[in-house]
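Please read the structure below before turning to the comments.
No hydrogens, no waters, no symmetry mates; every other heavy atom, side chains included, goes into these values. Throughout, residue positions are numbered sequentially from 1 according to the sequence presented.
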Amino acid sequence: WEKWSRVSSTWPRRSLPPPGKAGSGPRRRIHEEMTTSRKMRPKPWSIHFFQRDKTDDAERAVPAIEFLDSIPAKVAAEIHAVLDAVAAAPPPSFSGGGKWEAMHDDMAGYFEVRVRGGGMNHRLFCVLERNAEDLGGSSIVCIDGLSKPPRTAAHPRDYRRVKRYGAEFNKRRTVLK
(Lines give C-alpha, C1' and ligand atoms only; values in the text may rest on other atoms or scores of the structure.)
Protein backbone atom coordinates (compact mmCIF):
# COMPACT_ATOMS: atom_id res chain seq x y z
CA TRP A 1 0.00 0.00 0.00
CA GLU A 2 2.79 2.41 0.88
CA LYS A 3 4.28 1.87 -2.56
CA TRP A 4 1.05 2.94 -4.26
CA SER A 5 0.50 5.92 -1.98
CA ARG A 6 3.96 7.19 -2.96
CA VAL A 7 3.17 6.64 -6.64
CA SER A 8 -0.10 8.56 -6.43
CA SER A 9 1.66 11.59 -4.91
CA THR A 10 4.04 11.73 -7.89
CA TRP A 11 1.42 10.85 -10.50
CA PRO A 12 0.94 13.51 -13.21
CA ARG A 13 -1.70 15.99 -12.07
CA ARG A 14 -3.18 16.57 -15.52
CA SER A 15 -5.01 13.80 -17.32
CA LEU A 16 -3.19 12.24 -20.22
CA PRO A 17 -4.56 12.18 -23.76
CA PRO A 18 -5.98 8.94 -25.16
CA PRO A 19 -3.56 6.52 -26.88
CA GLY A 20 -2.38 7.73 -30.27
CA LYS A 21 -3.21 11.39 -29.47
CA ALA A 22 -0.36 12.26 -27.18
CA GLY A 23 0.81 15.25 -29.19
CA SER A 24 4.39 16.32 -28.51
CA GLY A 25 6.53 17.58 -25.67
CA PRO A 26 6.70 16.42 -22.05
CA ARG A 27 3.11 15.10 -21.97
CA ARG A 28 3.86 12.81 -24.91
CA ARG A 29 7.04 11.54 -23.21
CA ILE A 30 5.13 10.78 -19.98
CA HIS A 31 2.37 9.07 -21.97
CA GLU A 32 4.89 6.91 -23.87
CA GLU A 33 6.71 5.97 -20.66
CA MET A 34 3.47 4.94 -18.99
CA THR A 35 2.17 2.85 -21.88
CA THR A 36 5.57 1.28 -22.50
CA SER A 37 6.07 0.36 -18.85
CA ARG A 38 2.65 -1.34 -18.78
CA LYS A 39 3.57 -3.45 -21.79
CA MET A 40 6.97 -4.36 -20.40
CA ARG A 41 5.80 -5.31 -16.91
CA PRO A 42 6.81 -8.91 -16.23
CA LYS A 43 4.06 -11.44 -15.66
CA PRO A 44 3.41 -12.08 -11.96
CA TRP A 45 4.57 -15.40 -10.59
CA SER A 46 2.10 -17.94 -9.27
CA ILE A 47 2.03 -18.93 -5.60
CA HIS A 48 1.69 -22.62 -4.76
CA PHE A 49 1.71 -24.60 -1.53
CA PHE A 50 3.67 -27.84 -1.37
CA GLN A 51 1.44 -30.79 -0.54
CA ARG A 52 2.93 -34.02 0.69
CA ASP A 53 2.41 -37.01 -1.59
CA LYS A 54 0.24 -39.88 -0.39
CA THR A 55 3.24 -42.24 -0.56
CA ASP A 56 5.05 -40.06 2.02
CA ASP A 57 2.04 -38.98 4.11
CA ALA A 58 -1.34 -40.68 3.90
CA GLU A 59 -3.03 -37.47 5.12
CA ARG A 60 -1.39 -35.42 2.32
CA ALA A 61 -0.49 -32.59 4.69
CA VAL A 62 0.26 -29.07 3.45
CA PRO A 63 2.95 -27.91 5.93
CA ALA A 64 2.90 -24.21 4.95
CA ILE A 65 -0.89 -23.99 5.33
CA GLU A 66 -0.71 -25.78 8.68
CA PHE A 67 1.89 -23.23 9.77
CA LEU A 68 -0.23 -20.27 8.60
CA ASP A 69 -3.25 -21.69 10.41
CA SER A 70 -1.21 -21.91 13.65
CA ILE A 71 -0.18 -18.25 13.82
CA PRO A 72 -2.24 -15.12 14.60
CA ALA A 73 -4.51 -14.07 11.72
CA LYS A 74 -2.87 -10.64 11.50
CA VAL A 75 0.58 -12.21 11.06
CA ALA A 76 -0.73 -14.68 8.46
CA ALA A 77 -2.32 -11.77 6.56
CA GLU A 78 1.00 -9.89 6.55
CA ILE A 79 2.82 -12.98 5.27
CA HIS A 80 0.20 -13.31 2.54
CA ALA A 81 0.66 -9.63 1.60
CA VAL A 82 4.43 -10.08 1.34
CA LEU A 83 3.97 -13.16 -0.86
CA ASP A 84 1.59 -11.25 -3.13
CA ALA A 85 4.06 -8.36 -3.43
CA VAL A 86 6.94 -10.70 -4.23
CA ALA A 87 4.90 -12.57 -6.84
CA ALA A 88 3.83 -9.32 -8.49
CA ALA A 89 7.36 -7.84 -8.61
CA PRO A 90 8.37 -10.75 -9.53
CA PRO A 91 10.98 -12.35 -7.19
CA PRO A 92 14.16 -11.63 -9.17
CA SER A 93 13.45 -7.89 -9.04
CA PHE A 94 11.81 -7.67 -5.62
CA SER A 95 13.77 -5.76 -2.99
CA GLY A 96 12.85 -7.47 0.22
CA GLY A 97 13.19 -4.71 2.79
CA GLY A 98 13.83 -7.42 5.37
CA LYS A 99 10.53 -9.18 4.69
CA TRP A 100 11.77 -11.38 1.81
CA GLU A 101 15.28 -12.74 2.12
CA ALA A 102 17.42 -15.29 0.34
CA MET A 103 18.83 -17.85 2.73
CA HIS A 104 22.49 -18.86 2.77
CA ASP A 105 24.87 -21.62 3.82
CA ASP A 106 23.03 -24.94 4.29
CA MET A 107 19.71 -23.32 3.32
CA ALA A 108 20.96 -21.79 0.05
CA GLY A 109 18.25 -22.02 -2.60
CA TYR A 110 15.47 -21.24 -0.13
CA PHE A 111 13.85 -17.88 0.50
CA GLU A 112 11.99 -16.79 3.58
CA VAL A 113 9.17 -14.40 4.32
CA ARG A 114 10.02 -12.77 7.68
CA VAL A 115 7.31 -11.23 9.86
CA ARG A 116 7.20 -10.24 13.54
CA GLY A 117 4.04 -10.51 15.56
CA GLY A 118 2.69 -11.72 18.87
CA GLY A 119 6.14 -11.48 20.45
CA MET A 120 7.59 -14.00 17.97
CA ASN A 121 9.45 -14.04 14.67
CA HIS A 122 7.59 -16.01 12.01
CA ARG A 123 9.22 -17.48 8.92
CA LEU A 124 7.66 -19.01 5.81
CA PHE A 125 10.16 -20.93 3.68
CA CYS A 126 9.78 -20.95 -0.10
CA VAL A 127 11.56 -22.06 -3.23
CA LEU A 128 11.47 -20.35 -6.62
CA GLU A 129 10.66 -22.34 -9.73
CA ARG A 130 11.37 -20.49 -12.97
CA ASN A 131 9.46 -21.49 -16.09
CA ALA A 132 7.99 -24.56 -14.36
CA GLU A 133 5.63 -26.01 -16.94
CA ASP A 134 4.16 -28.46 -14.40
CA LEU A 135 3.18 -25.48 -12.22
CA GLY A 136 1.84 -23.33 -15.05
CA GLY A 137 4.91 -21.09 -15.29
CA SER A 138 7.25 -19.34 -12.91
CA SER A 139 6.13 -19.93 -9.33
CA ILE A 140 6.85 -19.39 -5.67
CA VAL A 141 6.33 -22.68 -3.81
CA CYS A 142 5.68 -22.32 -0.07
CA ILE A 143 7.25 -25.30 1.69
CA ASP A 144 6.95 -24.90 5.49
CA GLY A 145 7.18 -22.35 8.28
CA LEU A 146 8.28 -21.83 11.85
CA SER A 147 7.94 -19.38 14.72
CA LYS A 148 10.74 -18.56 17.11
CA PRO A 149 11.50 -16.06 19.86
CA PRO A 150 13.20 -12.84 18.72
CA ARG A 151 16.99 -12.81 18.55
CA THR A 152 17.29 -16.59 18.67
CA ALA A 153 18.41 -19.01 16.01
CA ALA A 154 15.98 -21.55 14.64
CA HIS A 155 16.60 -25.09 15.81
CA PRO A 156 18.59 -27.20 13.32
CA ARG A 157 15.81 -29.83 13.31
CA ASP A 158 13.44 -27.18 11.89
CA TYR A 159 15.83 -26.49 9.03
CA ARG A 160 16.25 -30.24 8.45
CA ARG A 161 12.46 -30.61 8.22
CA VAL A 162 12.23 -27.75 5.69
CA LYS A 163 15.01 -29.30 3.61
CA ARG A 164 13.34 -32.73 3.80
CA TYR A 165 10.07 -31.23 2.55
CA GLY A 166 11.96 -29.31 -0.13
CA ALA A 167 13.60 -32.51 -1.35
CA GLU A 168 10.21 -34.22 -1.34
CA PHE A 169 8.77 -31.38 -3.43
CA ASN A 170 11.65 -31.62 -5.92
CA LYS A 171 11.12 -35.37 -6.23
CA ARG A 172 7.30 -35.49 -6.43
CA ARG A 173 6.38 -31.93 -7.56
CA THR A 174 3.05 -32.06 -5.68
CA VAL A 175 1.26 -28.84 -4.80
CA LEU A 176 -2.17 -28.08 -3.38
CA LYS A 177 -4.73 -27.94 -6.20
Q. Going from CD on E101 to CD on E112, what distance comes out if it is rounded to the nearest 0.5 angstrom?
A. 7.0 Å

Q) Are side-chain heavy atoms of K171 and D53 found at a separation under 4.5 Å? A) no

Q) Would you call E59 and K54 a salt bridge, taking side-chain N to carboxylate O under 4.0 Å as the test? A) no

Q) Same cluster for I65 and Y165 if Ile/Leu/Val/Met/Phe/Trp/Tyr side chains link at under 4.5 Å? A) no

Q) Does the distance from a Lys or Arg side-chain N to an Asp or Glu carboxylate O, for E168 and R52, drop under 4.0 Å? A) yes

Q: Compare all side-chain heavy atoms of L124 with those of L146 and state whether any distance is below 4.5 angstrom.
A: no

Q: Would you indicate whether the side-chain heavy atoms of F125 and Y159 approach each other to under 4.5 Å?
A: yes

(Q) Contact between M107 and V162 at the side-chain level, heavy atoms closer than 4.5 Å - yes or no? (A) yes

Q: Return yes if some donor-acceptor pair links the side-chain N/O of Q51 with the main-chain N/O of V62 below 3.5 Å, else return no.
A: no

(Q) Restricting to non-hydrogen atoms, name the atom on H48 and the atom on L135 that form the minimum distance, rounded to 0.1 Å. (A) NE2-O, 3.1 Å

**Q.** Over 12 non-hydrogen atoms of neighbours within 6.0 angstrom of CZ in R116
**A.** no

Q.
Please tell me whether L128 and F94 are part of a single hydrophobic cluster in this structure, the criterion being side-chain heavy atoms less than 4.5 Å apart.
A. yes

(Q) Determine whether D134 and V175 satisfy the following criterion, side chain to side chain contact (heavy atoms under 4.5 Å, CB included), listing intermediate values before the conclusion. (A) CA-CA 10 Å; D134 59 332; V175 294; over 6 Å; no

Q. Do the rings of F50 and F169 sit parallel, tilted or perpendicular, given the 30° and 60° boundaries?
A. perpendicular

Q) Can you check whether D106 reaches K163 side chain to side chain, under 4.5 Å on heavy atoms? A) yes

Q. Parallel, tilted or perpendicular: which describes the rings of F111 and W100, with under 30° parallel and over 60° perpendicular?
A. parallel

Q.
When you group the ILVMFWY residues by side-chain heavy-atom contacts below 4.5 Å and let the links chain together, are V82 and W45 in the same group?
A. yes

Q | Side chains of I140 and F49 in contact at under 4.5 Å (non-hydrogen atoms) | A | no

Q | K148 side-chain N/O to T152 backbone N/O, donor-acceptor pair under 3.5 Å | A | yes

Q.
Counting only heavy atoms from other residues, nucleotides and ligands, does the tally under 6.0 Å from CZ of R130 exceed 12?
A. no

Q) If you take all heavy atoms of S147 and M120, which pair is closest and at what distance? A) C-CE, 3.9 Å

Q: Applying salt bridge (Lys or Arg N to Asp or Glu O under 4.0 Å), name anything that partners E129, two or more places apart in sequence or on another chain.
A: R173

Q: Might you point out which heavy atoms bring P150 and N121 nearest each other, and give the distance in Å?
A: CA-ND2, 3.3 Å

Q.
Quick check: do T174 and R60 have side-chain heavy atoms less than 4.5 Å from each other?
A. yes

**Q.** Heavy-atom side-chain proximity of R114 to R123 below 4.5 angstrom
**A.** yes

Q | Shared hydrophobic cluster for I143 and I79 (ILVMFWY, side-chain gaps under 4.5 Å) | A | no

(Q) If I compare all heavy atoms of C126 with all of L83, which pair ends up nearest, and what's the gap? (A) SG-CD2, 4.1 Å

Q. Does V75 belong to the same Ile/Leu/Val/Met/Phe/Trp/Tyr cluster as V86, with side-chain heavy atoms less than 4.5 Å apart forming each link?
A. yes

Q: Search all heavy atoms of P42 against all heavy atoms of A89 and return the closest pair with its distance.
A: CG-O, 3.9 Å

